[in-house]
Amino acid sequence: MEKPKFKTVQEVIASGEGLPERYLHTPTGDIESQPLDAPVPEMDIPAIDLILLLSPSDNGRQELSKLHSALSTWGVVQVMNHGMTEAFLEKIYELTKQFFALPTEEKQKYAREIGSIQGYGNDMILSDDQVLDWIDRLETLHEYTMKQQVVIKQFFKGMARSLELDENCFLDMYGENAMMDTRFNLYPPCPRPDKVIGVKPHADGSAFTLLLPDKDVEGLQFLKDGKWYKAPIVPDTILINVGDQIEIMSNGIYKSPVHRVVTNREKERISVATFCVPGADQEIHPVEALVTETRPRLYKTVKKYVELYFEYYQQGRRPIEAALI
């Protein structure tokens, strides 16, 4: 059950009271032994042409091969030719900045209610000793979400084709009552980027997630083979990462990557994430064609997977562990 809400990060900064201890991150293992702001290498992921994914041409087959390689190793790709203009994406950046620049009393008109993820605020607080993330959020449906419908359908079909499946098999399991949650994120400058984290390490509970990252400020990092790598900033692309539910549908071929966001001492960072979540009544399971003698079924059938998600996230655990056979 959620505890009473804490001040937003912007309110903490405005109060001038210093950095509350609840934001200080304590390393828990070898992976986190380095300071959070330690330099990390850049990940090597391709930019995928979304239009080519559905093309029967040789170029289309090459693009499917690139997609398969990236999602089976990193679980992440950059997507270009997504149908949204540079001017429209710039509008999304500016609207996000304008909202977070409003006076506190204006933003509070859109405040998230306790127990809900919709609206303006920060972390759900589920325990008294929970370490807080250095982030304020606005979560809502928006024109941007609607423009992504085509991207989502094409990407689902492209993933299926890259695994030599019927192109609608993932879409059918995703369901007609699927949800799209769009979250507008602000990471204010942080006085202790070595000790305070923007978003805790986690994998997404979605089918997959579309991210419009900050155009100038790095921060998003992915974990691979026990090491952190920073996501590249590629203009006018959307970053898409696999979520747990595609990992289950693909019987573990496509990986749901653990990722985090680190903070910056001098610059604020914004991002816009859209989580594509199967309908609550949909049964999510490995596609039968991907279960073989050499690759037996790895996951149980799950429903309402996202309900597990927030509880596990704040505990630093992965809900997909509960789905393993």
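Here the side chain of H25 pairs no donor or acceptor atom with the backbone of Y23 at under 3.5 angstrom. No donor-acceptor distance shorter than 3.5 angstrom exists from the side chain of R161 to the backbone of E167, with no hydrogens or angles considered. Under the 3.5 Å distance criterion, the side-chain polar atoms of K107 are matched with a main-chain donor or acceptor of F100. Of the possible donor and acceptor atoms, none in the side chain of D37 sits under 3.5 Å from a partner among the backbone N and O of V262.
Residue E321 places its CD atom among more than 12 non-hydrogen atoms of other residues, nucleotides or ligands, all under 6.0 Å distant.
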What donor-acceptor contacts under 3.5 angstrom involve side-chain atoms of residues 232-243, with partners at least two apart or in another chain?
from : atom 1 : to   : atom 2 : distance (Å)
T237 : OG1    : Q78  : OE1    : 2.9
T237 : OG1    : V234 : O      : 2.8
N241 : ND2    : D204 : OD2    : 3.2

Q) How far apart are the C-alpha atoms of Y187 and N264, what are their side-chain angles, what is the distance that settles it, and do they pass the side chain to side chain donor-acceptor pair (under 3.5 Å) test? A) CA-CA 8 Å; Y187 305 87; N264 188 293; over 6 Å; no

Q: Verify ring pair (Phe, Tyr, Trp, His ring centres under 6.0 Å) between F208 and F155, making sure each step is shown before the conclusion.
A: CA-CA 10 Å; F208 57 83; F155 197 73; 5.1 Å; yes

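Neither M80 nor M84 shares a network with the other; the hydrophobic side chains, linked directly or stepwise wherever heavy atoms of I, L, V, M, F, W or Y lie under 4.5 Å apart, form separate groups for each.
Checked against side chain to side chain contact (heavy atoms under 4.5 Å, CB included), P188 has the following partners two or more places apart in sequence or in another chain: V9, Q10, I13, W134, L186.
The side-chain tip of K224 does not point at the ring of Y229 from less than 6.0 angstrom away and within 45° of straight on.
Between Y254 and H68, the two ring planes are perpendicular [angle over 60°; tilted spans 30° to 60°].
Ring to ring, Y174 and F156 are close: their centroids are under 6.0 angstrom apart.
Under 3.5 Å, the side chains of S271 and D214 contain no donor-acceptor pair of N or O atoms.
In this structure, D194 pairs ionically with R192, as a charged nitrogen and a carboxylate oxygen lie closer than 4.0 Å.
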